[in-house]
Amino acid sequence: MCLAIPMKLVEITGPGVGKVDAGGVRTDVSLAMAPNAVIDDYLIIHAGFAIEVLDKEEAMIRLDLFKELAEATRDEVPD
Amino acid sequence: MKIKTEQQAAGKLSNDINLILHDYDGTMKFMEVCGTHTMAIHSSGVKSLLNKKISLVSGPGCPVCVTEKLFIDQAMFLAEQLGVCLITFGDLIRVPGSNGSLADLRSRGGLVKVVYSPMDSIEIALELAPQPVVFLGIGFETTIPTVAVTVKTAFERKVGNLFILPAFKTIHEPLKILASNKDLTGFLLPGHVSAIIGVDSYSYLADDFKKPGVVAGFDGLDILYALRSLVKMTVSGKPGIENNYKTVVRSEGNIFARKLIDEVFEPADTSWRGLGLIKGSGLAFKAPYDTFDALKRFPMQLPDAPDDPRCKCALILTGTLTPNQCGLFGRECVPENPVGPCMVSSEGTCAAYYKYGGT
Ligand code: SF4
């Protein structure tokens with residue numbers, strides 16, 4: 001039930017409220033828990049609320065890490 | 001990431017785990033505390049990649065599963081005897097109470113509305129005023145601030161006919177009880193609950209209970225990576241708390257969210273299916289927001305609502321049993337006709353085993 005999905009903030013519509021892009025559809029979200037969010041941030045959305053702002057740098061680090069792990073296997077076991 | 005890359009990374013992680021465990025004699029039992037992880041573990045096939053010395057058990061982090069039957073009975077009473085309109089997250093709708101589920105109530109003509117966000121309750125209340133409407137307040141730290149904002153907004157807008165039936169749960173107190181269980185080696189800690197409470201708040205697991213904990217994301221790879229950390233820490237005898245979900249979770253958590261919770265709620269005792277009454281593991285309304293408490297507004301004396309004695313949910317939620325050890329699993333109890341909540345919730349352990357054929 002704690003499912004939460006990243007969506008991009010595309011508009012700030014008022015104090016503490018904005019719109020995110022949900023697969024082409026603009027949906028209202030509350031920014032009460034993420035008051036420092038700015039346009040183009042990826043927000044983690046749960047029950048109509050942004051619970052956190054996604055850290056883009058950490059997201060890249062994660063992808064790189066998994067790429068490195070994959071490469072390490074390639075060295076160990078030839079295709 | 002390409003599927004091939006993912007498979008290779010997963011292979012590497014599972015090999016690493018095998019290597020670390022090569023000379024290790026014992027077995028390890030890790031608990032995934034969060035229901036969303038339970039689902040991810042089964043759907044991603046992580047279990048099939050795991051060394052046989054490791055077993056994974058589910059924990060109490062499925063709000064629908066740990067909510068006691070009495071709560072459903074209270075909701076039904078409010079609707080059937082007092083004519084309130086119930087508002088709920090979809091997850092609760094098929095959970096059996098003593099006299100059927102909310103879905104049954106609806107087919108008998110009761111008013112039950114399903115919402116995506118608790119904030120939607122405000123418009124429903126305004127539309128139906130003066131008829132009382134009651135939002136069924138289940139959830140953990142991820143969900144609780146969304147209800148806090150709803151209550152604060154309703155208070156400011158002087159919405160007088162909206163009430164909340166509270167069954168909120170917080171994770172630390174039950175986790176302490178589970179951590180003292182010798183059978184459990186360590187914990188895969190929840191992702192989005194941790195986004196609110198922060199990684200630092202789990203330090204007691206390592207300091208007091210000498211058990212490792214890793215906050216993890218929800219991909220199969222994230223979970224394998226976290227398991228590798230748990231295995232490493234266990235073998236080296238150096239338990240710690242690690243954050244493997246830094247894209248979303250900060251050490252200190254989300255202070256704005258916690259402030260919202262603290263404005264509206266204070267810790268209270270609450271009862272968990274499977275764990276019983278746990279001190280300080282729930283939340284009660286603080287003044288002036290206590291006027292929103294449905295239990296205060298509509299005092300009820302309902303009889304105890306024991307679970308079907310054949311249902312083993314309680315033992316499954318504490319990692320003692322797995323679903324296939326329940327005699328009803330897949331026979332009398334199936335998702336279309338669930339006997340217990342662990343088969344109802346999409347993130348319930350029995351539902352996950354049923355869907356993905358877990359062992
Ligand atoms: S299979 Fe059904 S009856 Fe058995 S423990 Fe799970 S929910 Fe309860």
Side-chain angles (χ1 to χ4, degrees), chain A residues 1-9 13-20 22-23 25 27-37 41-79, chain B residues 1-2 4-13 15-16 34-36 39 61-64 89 91 115-120 138-143 145-149 152-153 190-193 195-196 217-219 221-222 225 244-250 253-254 256-257 260 345-347:
Chain A
M1 221 189 88
C2 296
L3 202 66
I5 316 173
M7 291 182 197
K8 192 172 174 177
L9 182 64
T13 43
V17 282
K19 282 189 191 293
V20 287
V25 184
T27 318
D28 290 318
V29 283
S30 165
L31 304 174
M33 289 182 241
N36 301 329
D41 272 349
Y42 278 87
L43 306 180
I44 310 299
I45 306 295
H46 167 74
F49 283 73
I51 63 163
E52 207 26 287
V53 179
L54 186 133
D55 186 323
K56 287 190 192 120
E57 231 165 85
E58 288 292 347
M60 290 311 295
I61 294 176
R62 172 181 173 278
L63 283 182
D64 287 345
L65 173 92
F66 289 140
K67 267 188 213 137
E68 266 167 42
L69 284 169
E71 271 154 29
T73 336
R74 249 166 269 163
D75 299 343
E76 280 165 22
V77 219
D79 273 296
Chain B
M1 236 182 314
K2 293 208 185 69
K4 181 128 194 250
T5 313
E6 279 184 26
Q7 281 170 349
Q8 283 168 331
K12 163 82 174 136
L13 287 168
N15 275 346
D16 282 0
C34 158
T36 315
M39 222 48 202
C62 154
V64 169
F89 290 124
D91 307 54
V115 291
Y116 161 65
S117 170
M119 284 297 263
D120 300 337
I138 62 164
F140 286 100
E141 284 92 336
T142 322
T143 309
T146 71
V147 180
V149 173
K152 278 173 54 117
T153 311
H192 296 133
V193 161
I196 308 296
F218 295 96
D219 257 21
L221 277 180
D222 293 313
Y225 188 72
N244 285 357
Y245 194 31
K246 287 193 183 140
T247 41
V248 174
V249 179
R250 321 272 178 260
N254 184 329
F256 302 105
L260 289 165
S345 172
S346 59
E347 58 191 31

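It should be emphasised that the depicted structure is a prediction, and the values quoted were computed from it without experimental measurement. So that the names make sense, note that chain A is the first sequence line, chain B the second, and so on, each numbered from 1. Reckoned from all heavy atoms, side chains included, excluding hydrogens, waters and symmetry mates.
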Bottom line for B:N254: the part with an atom under 4.5 Å from chain A's heavy atoms is both
Do you know which of B:V64, B:D222, B:T36 has the most heavy-atom pairs under 4.5 Å to chain A?
B:D222
Flag the one option from B:I138, B:V115, B:D120 with the top tally of heavy-atom pairs under 4.5 Å to chain A.
B:I138
Is it true that A:D55 and A:R62 make a salt bridge, defined as a side-chain N closer than 4.0 Å to a carboxylate O?
no
NZ-CD1 distance between A:K8 and A:I45, expressed to the nearest 0.5 angstrom
13.5 Å
Under-4.0 Å salt bridge between B:R250 and A:E52
yes
Rounded distance [0.5 Å steps], CG in B:L221 versus NZ in B:K12
13.5 Å
Top of A:I51, A:I44, A:L54, A:N36 for chain B proximity - count of heavy-atom pairs under 4.5 angstrom:
A:I51
With chain B, the option among A:G48, A:A59, A:A47, A:G16 that has the most non-hydrogen atom pairs under 4.5 Å is A:A47
Which of B:P145, B:G191, B:G139 touches chain A most, by non-hydrogen pairs under 4.5 Å
B:P145
The interface call for A:I61 against chain B, heavy-atom contacts under 4.5 Å, is neither
When you look at A:V20 and A:D28, which way does the side chain to side chain contact (heavy atoms under 4.5 Å, CB included) test go after all the steps?
CA-CA 7 Å; A:V20 287; A:D28 290 318; over 6 Å; no
Which residues share a ring pair (Phe, Tyr, Trp, His ring centres under 6.0 Å) with B:H192, sequence neighbours left out:
B:F218, B:Y245
